[in-house]
Trainee: 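Take this structure first; my questions come after.
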Amino acid sequence: MRSHYDESSKPLFGEERPTDRILNLLVGTVTTILVLGTLICSLFFPSWPPRGMNIYFAACICMITASHLILIYWYRQGDLEPKFRTLNLYNAFTIIVLCICANLYFHNVL
């Protein structure tokens with residue numbers, strides 16, 4: 001007896017490994033925490049009212065994060081090839097480094 005196989009249920013680029021899922025969740029969580037922390041620090045540190053440079057720095061980080069989120073959305077929809085996974089990880093690493101630099105600047109370490 002032959003069963004009907006639904007081609008639409010087959011993943012577009014193969015199965016996602018559990019380690020990939022854990023890595024994506026870990027990188028996403030760290031990036032989210034740092035971006036939110038940076039936004040809060042840009043508004044409240046070193047004192048109220050915030051400096052214009054802090055707000056500008058936070059706005060730039062938000063715009064970069066928005067383009068990164070669009071790439072992630074397209075990747076998860078299957079519109080991008082698997083090689084873009086490396087680009088997404090690189091962008092997340094770049095945002096993390098940028099948030100660290102911004103926080104160091106906000107707290108007058110640099």
Trainee: For G28, does its backbone N or O pair with a side-chain atom of T31 as donor and acceptor, under 3.5 Å?
Mentor: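 Flag not set: sc T31 to bb G28 has no pair under 3.5 Å.
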Trainee: How many angstroms lie between atom CG of L71 and atom CG of L87, to the nearest 0.5 angstrom?
Mentor: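 Here the interatomic distance stands at 6.0 Å.
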Trainee: If you define the side chain from C-beta out and look only at heavy atoms, does anything of F44 sit under 4.5 Å from I40?
Mentor: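 The answer is yes; the side chains approach within 4.5 Å.
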Trainee: Suppose clustering is done on Ile, Leu, Val, Met, Phe, Trp and Tyr with side-chain heavy atoms closer than 4.5 Å. Which residues sit in the same group as F93?
Mentor: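 So far as hydrophobic clustering goes, F93 is joined with V97.
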Trainee: Same cluster or not: are L39 and I33 linked, directly or through other Ile, Leu, Val, Met, Phe, Trp or Tyr residues, by side-chain heavy atoms under 4.5 angstrom apart?
Mentor: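 In one cluster with L39: I33, no.
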Trainee: So which heavy atom on H68 is nearest to which on N88, and how close?
Mentor: CE1-O, 3.0 Å
Trainee: Return the minimal non-hydrogen interatomic distance between L34 and T38, and the atom names on each side.
Mentor: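 Reported closest heavy-atom pair: O-OG1, 2.7 Å.
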Trainee: Would a single hydrophobic cluster contain both L25 and V30, if residues Ile, Leu, Val, Met, Phe, Trp and Tyr are joined by side-chain heavy-atom contacts under 4.5 Å?
Mentor: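 In one cluster: no.
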Trainee: Between M53 and Y105, is there a side-chain heavy-atom distance shorter than 4.5 Å?
Mentor: yes
Trainee: Does the side chain of L43 come within less than 4.5 Å of I55's, by heavy atoms?
Mentor: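 Side chain of I55 against side chain of L43, heavy atoms only: contact under 4.5 Å found.
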Trainee: Look at the side-chain heavy atoms of Ile, Leu, Val, Met, Phe, Trp and Tyr, link any pair under 4.5 Å apart, and say whether I96 and I72 land in one connected group.
Mentor: no
Trainee: Kindly assign one of parallel, tilted or perpendicular to the pair F106 and F57, based on the angle between their ring planes and the thresholds 30° and 60°.
Mentor: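 Rings of F106 and F57: perpendicular, over 60°.
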Trainee: Show the nearest heavy-atom pair for residues Y75 and R85, with the distance to one decimal.
Mentor: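 The pair with the smallest heavy-atom distance is OH-CB, 3.5 Å.
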Trainee: Sequence neighbours excluded, which residues qualify as side-chain hydrogen bond (donor to acceptor under 3.5 Å, both in side chains) partners of N54?
Mentor: none
Trainee: Are Y90 and T94 side-chain neighbours, meaning at least one heavy-atom pair lies under 4.5 Å?
Mentor: yes
Trainee: Please check if L69 and L98 belong to a single hydrophobic cluster, counting links between Ile, Leu, Val, Met, Phe, Trp and Tyr side chain heavy atoms closer than 4.5 Å.
Mentor: no
Trainee: Are Y56 and M63 connected in the hydrophobic side-chain network, where two residues link if heavy atoms are under 4.5 Å apart?
Mentor: no
Trainee: Who passes side-chain hydrogen bond (donor to acceptor under 3.5 Å, both in side chains) against S42, sequence neighbours left out?
Mentor: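 Applying side-chain hydrogen bond (donor to acceptor under 3.5 Å, both in side chains) to S42 gives none.
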